[in-house]
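Read the structure below first, then the notes.
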Amino acid sequence: MSGSPDDLPFFGDDDAARPAARAGGIAARAMAARQGAAPTYLEGLNPEQRLAVETTEGPVLVLAGAGTGKTRVLTTRIAHILATGRAYPSQILAVTFTNKAAREMKARIEVLVGEAIEGMPWLGTFHSIGVKILRRHAELAGLKSSFTILDTDDQIRLLKQLIQAEGLDDKRWPARQLAQMIDGWKNKGLAPGDIPEGDARAFANGKGRALYLAYQERLKTLNAVDFGDLLLHPIRIFRENPDVLREYHTRFRYILVDEYQDTNTAQYMWLRLLAQNPARDSAVNICCVGDDDQSIYGWRGAEVDNILRFEKDFPGARVIRLERNYRSTAHILGAASHLIAHNEGRLGKTLFTDAVDPDDPKVKVHAAWDSEEEARAVGEEIEALQARGKALNDMAILVRASFQMREFEDRFVTLGLNYRVIGGPRFYERMEIRDALAYLRIVAQGADDLAFERIVNVPKRGLGEASVRQIHDVARMRGTSLLQAARDLVGTEEMKPKPRAALRNLVESIERWQGLLERTPHTELAEIILEESGYTEMWKNDRSAEAPGRLENLKELIRSMEEYESLRGFLEHVALVMDAERDEEVDAVSLMTLHSAKGLEFDTVFLPGWEEGLFPHQRALDEGGRAGLEEERRLAYVGLTRAKKNLHIWFTSNRRIHGLWQSTIPSRFLDELPEAHVEVAEESGAFGGYARSPGRPNPYGPSRFDEAGQAFSSPYATPGWQRARRNRNEATERNWGTRSGHQVERIGYGEADSGYGAGRGSVKGRTIEGELVARSVSDTPSAFKVGDRVFHIKFGNGNVTAIDGNKLTIDFDKAGQKRVLDGFVERV
DNA sequence: AGACCAATCAGATCG
DNA sequence: TGATTGGTCT
């Protein structure tokens with residue numbers, strides 16, 4: 001997003017004011033377009049893409065599979081609308097989910113249109129456009145247009161205060177949990193009055209609703225909003241003020257939505273309000289682009305249903321499918337398509353490619369003994385590719401859960417292999433950045449109480465709890481901001497001399513900085529503030545390992561301020577934007593979660609950890625049942641379709657989860673890959689070739705991976721494994737009998753699945769186990785006792801030294817002391 | 001104010 | 001197992 005705050009009067013006709021200058025080039029282009037010769041920007045589009053670009057009128061749903069040129073269509077469509085003179089830039093509403101996507105789109109449109117179009121003011125994320133609308137009409141939501149935007153941290157602090165004010169135990173009822181509930185309600189577009197009874201009762205014996213209400217009240221008095229409000233307030237404003245909504249209807253002639261499958265209910269309501277113009281005689285020009293198969297954010301409120309329902313919502317909608325894939329080989333596409341065909345709730349698309357090369361490698365499935373070997377083998381493969389001249393930048397490892405990353409990082413560090421972790425804590429969420437921003441906020445907007453509270457004693461200046469409470473009391477009594485209250489307090493004798501001097505010093509500093517606000521360049525001011533407040537000093541004196549990095553981040557913060565015109569403009573955007581850029585300069589392997597890989601592509605992709613319980617993740621199955629499984633499968637699909645040429649999938653037989661070694665079984669997703677496009681790699685690594693011994697008791701039904709991944713003799717045939725399995729089944733049966741929320745679900749095999757192996761036909765159904773491994777607490781006391789001599793398939797022989805439920809601590813002769821579940825050892 | 005210990009928790013994350 | 005967090009103690 002461009003840096004400057006948009007200070008143009010809303011309907012001040014920014015187009016009319018300078019149409020000539022801008023329309024010049026566009027008009028000429030439009031002319032060319034009407035004269036028949038296809039404009040250059042349409043060149044190279046395939047027929048479907050072109051249809052999606054040129055069907056500008058009426059509702060359109062573009063179902064764009066992975067790698068089918070979705071962004072290209074979206075940007076070309078906008079360029080087309082502009083070039084043919086159908087609308088001015090400011091009459092197009094284009095929403096994305098991430099700032100990155102918005103930036104990218106803006107840049108690409110600029111290339112297409114051939115000039116800077118700073119005039120696409122309504123291209124941005126749902127939230128940034130929400131802010132913009134809300135600032136215009138803040139008073140209609142009972143706010144001042146200078147409202148501040150809280151992030152999750154502020155939110156939790158605030159809720160905690162409210163919970164305590166209610167006289168509740170904030171241990172028993174954590175603010176974090178309430179914040180999540182409120183977020184969930186807001187995602188669904190629910191105001192305190194709308195939340196269902198059941199939900200309302202779920203928190204603090206029915207105080208949930210009251211707390212939500214109190215929270216909203218508090219936000220209003222603080223003149224603040226949270227992220228959810230950025231959509232909810234505009235929705236309410238639109239509903240209660242038809243004239244306001246009408247203005248937007250007149251303004252937005254074309255609406256475009258990216259990643260439509262990720263929209264939640266609130267976003268959907270917001271869009272519908274804007275798109276459905278009863279006064280308009282022609283159809284709504286809304287174009288939603290998405291891929292139902294890549295909907296992986298159900299857990300954060302996304303409703304796949306929005307995309308599945310599109311044709312009903314917008315009668316007469318055209319649905320255009322983009323299925324021609326420009327990214328991956330036929331093997332990769334074949335594997336991905338076959339896998340995703342196992343999902344039921346989908347609109348259905350099949351990717352294809354013309355670029356079929358018989359030399360393309362198949363998708364490789366590898367087995368490893370444990371996660372350590374997995375990491376070692378992947379590292380070797382990467383080094384081999386590197387030796388053949390491949391760039392590390394073209395390789396990525398995509399994991400299901402972030403704890404998997406560590407093993408790879410360790411390995412890469414020892415190998416001296418460059419890697420970069422994508423994702424992780426966002427830049428602006430770091431403590432030092434948030435502190436620095438709080439200083440800037442208090443200077444820019446003195447009434448920002450949350451900012452004041454954050455910095456009042458950072459660095460330590462002897463203003464502890466007692467002093468802060470005193471300031472609070474005064475502020476509440478006089479109805480002023482905390483800063484004002486502090487100012488008043490230092491003029492009196494109410495405080496003890498020491499804190500009073502400290503507070504006076506702080507207040508005077510803030511006033512001094514405020515005085516500099518107009519006269520000093522904002523980057524310079526920021527440096528002055530951080531220096532004079534002692535904040536940088538604090539980190540310089542800090543001996544911890546992170547301190548240098550934090551100082552570096554602060555420098556980075558100031559550097560990033562340069563792009564903005566003013567401090568105010570910077571703060572406006574910082575609340576919404578600010579992800580640290582990754583430098584492409586260094587050649588490095590990317591390491592990230594599957595979720596953050598969406599939208600990216602790499603020549604070579606490694607997908608480790610394809611084991612039941614990890615992927616599909618147990619919690620997704622427990623909480624989401626069938627829907628949860630389907631979302632996991634879509635996640636797998638996203639992973640597969642990230643690869644352009646080489647795709648390696650790994651699973652291990654043993655994995656340490658929460659410090660306990662557990663035996664694992666291959667993911668059911670492996671069985672859902674088509675044989676024609678997959679080959680099981682024969683490793684000749686440290687463990688030598690794998691013994692092939694059939695007959696693994698796989699509770700999910702026979703699998704063609706039953707025989708892989710066995711380094712020694714078949715571990716699955718050992719009595720220990722058999723007993724583990726027996727225990728597991730007993731445990732799950734017990735659980736199903738007594739616990740709610742767990743049920744046995746039958747997933748029949750679809751037609752698409754019947755392709756391989758005679759064994760399959762005999763399988764009646766597949767059970768989603770409630771528990772992969774009996775949960776750590778067992779009802780039955782362990783059958784072992786201290787001193788027992790036992791055998792474990794991974795660690796060999798050892799003696800039991802301690803028992804905790806079904807967790808055993810064992811001194812192994814060779815491997816040392818380990819903790820394992822009792823099901824995996826056998827008395828000898 | 002800071003150090004130290006026990007308790008808790010371990011799926012993904014955009015703005 | 002390990003990081004993080006909240007509490008207590010000095």
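Just so it is clear, the structure is predicted and the values come from calculations on it, not from any experiment. What you see below is based on every heavy atom in this structure, not just the backbone, and it leaves out hydrogens, waters and symmetry mates.
- Between A:Val225 and the options A:Val131, A:Leu134, A:Leu219, a side chain to side chain contact (heavy atoms under 4.5 Å, CB included) holds for only A:Leu134.
- Within 4.0 Å of A:Glu631, counting heavy atoms only, lies no atom of the nucleic acid at all.
- For the P atoms, the distance linking C:dT4 with B:dG11 amounts to 15 Å, nearest Å.
- Using a 4.0 Å cut-off between charged nitrogen and carboxylate oxygen, A:Glu373 and A:Arg376 do not count as a salt-bridge pair.
- Taking the six-membered ring where tryptophan is involved, the planes of A:Trp299 and A:His595 are perpendicular, since the angle between them exceeds 60° and thus also 30°.
- In this model, the phosphate group of B:dT13 is approached by a side-chain N or O of A:Thr593 to a distance below 4.0 Å at OP1 or OP2.
- A residue-by-residue look at A:Gly228 and A:Leu463 shows that A:Leu463 has its nearest nucleotide of DNA chain B further toward the 5' end.
- Side-chain nitrogen and oxygen atoms of A:Asn99 include at least one within less than 4.0 Å of the OP1 or OP2 phosphate oxygen of B:dG15.
- In this structure, the NE2 atom of A:His658 is 15 Å from the P atom of C:dA3, given to the nearest Å.
- Taking the P atoms as reference points, B:dA12 lies 15 Å from C:dT5, given to the whole Å.
- If you measure from atom CD of A:Gln662 to atom C1' of C:dT1, you get 12 Å, rounded to the nearest angstrom.
- Residues A:Ser371 and A:Glu407 bring a donor and an acceptor atom of their side chains to less than 3.5 Å of each other.
- Stacking annotation: A:His127 is not stacked on the base of B:dG15 (requires ring centroids less than 5.5 angstrom apart and an interplanar angle below 30 degrees).
- Regarding A:Asn264, its CG atom lies at a distance of 13 Å from the C1' atom of B:dT13, rounded to whole Å.
- Annotation for A:Lys188: atom NZ does not count as buried by contact number, only 12 or fewer foreign heavy atoms lying within 6.0 Å.
- With a 4.5 Å cut-off on side-chain heavy atoms, A:Phe238 and A:Ile133 count as touching.
- Protein atom CE of A:Met538 is 14 Å distant from nucleotide atom C1' of B:dG2, rounded to whole Å.
- Rounded to a whole Å, the NZ atom of A:Lys460 is 9 Å from the C1' atom of B:dG2.
- A:Gly130 comes within 4.0 angstrom of no nucleic acid atom, judged by non-hydrogen atoms across all strands.
- Residues from residues 293-303 of chain A with heavy atoms under 4.0 angstrom of DNA chain B, sorted by number: A:Tyr297, A:Trp299, A:Arg300.
- Of the candidates C:dA3, B:dG15, B:dT13, B:dT13 carries the atom nearest the A:His595 side chain, counting heavy atoms from C-beta on.
- One interatomic measurement links the two molecules: CD of A:Gln180 to P of B:dG11, which rounds to 12 Å at whole-angstrom precision.
- The existence of a salt bridge linking A:Arg550 and A:Asp435 is excluded, since no basic side-chain nitrogen approaches an acidic carboxylate oxygen closer than 4.0 Å.
- Taking atom CZ of residue A:Phe126 and atom C1' of nucleotide B:dG15, one finds them 12 Å apart after rounding to whole Å.
- A pairwise comparison of heavy atoms in A:Tyr419 and A:Glu409 identifies OH-OE1, 2.7 Å as the closest pair.
- Taking every side-chain heavy atom of A:Arg619 into account, B:dA10 is the closest of B:dG15, B:dA10, C:dT1.
- Nucleic acid contact class of A:Phe403 (heavy atoms, under 4.0 Å, all strands): none.
- Heavy-atom nearest nucleotides on DNA chain B were determined for A:Ala620 and for A:Asp183, and the one closer to the 5' end corresponds to A:Ala620.
- Of the listed nucleotides (B:dG11, B:dT13, B:dG15), B:dT13 has the atom at the smallest distance from the side chain of A:Ser596.
- Between the CD1 atom of A:Ile156 and the C1' atom of C:dG6 there is a distance of 15 Å, given to the nearest Å.
- Side chain of A:Asn457, nearest nucleotide from B:dG11, B:dA1, B:dG15: B:dA1.
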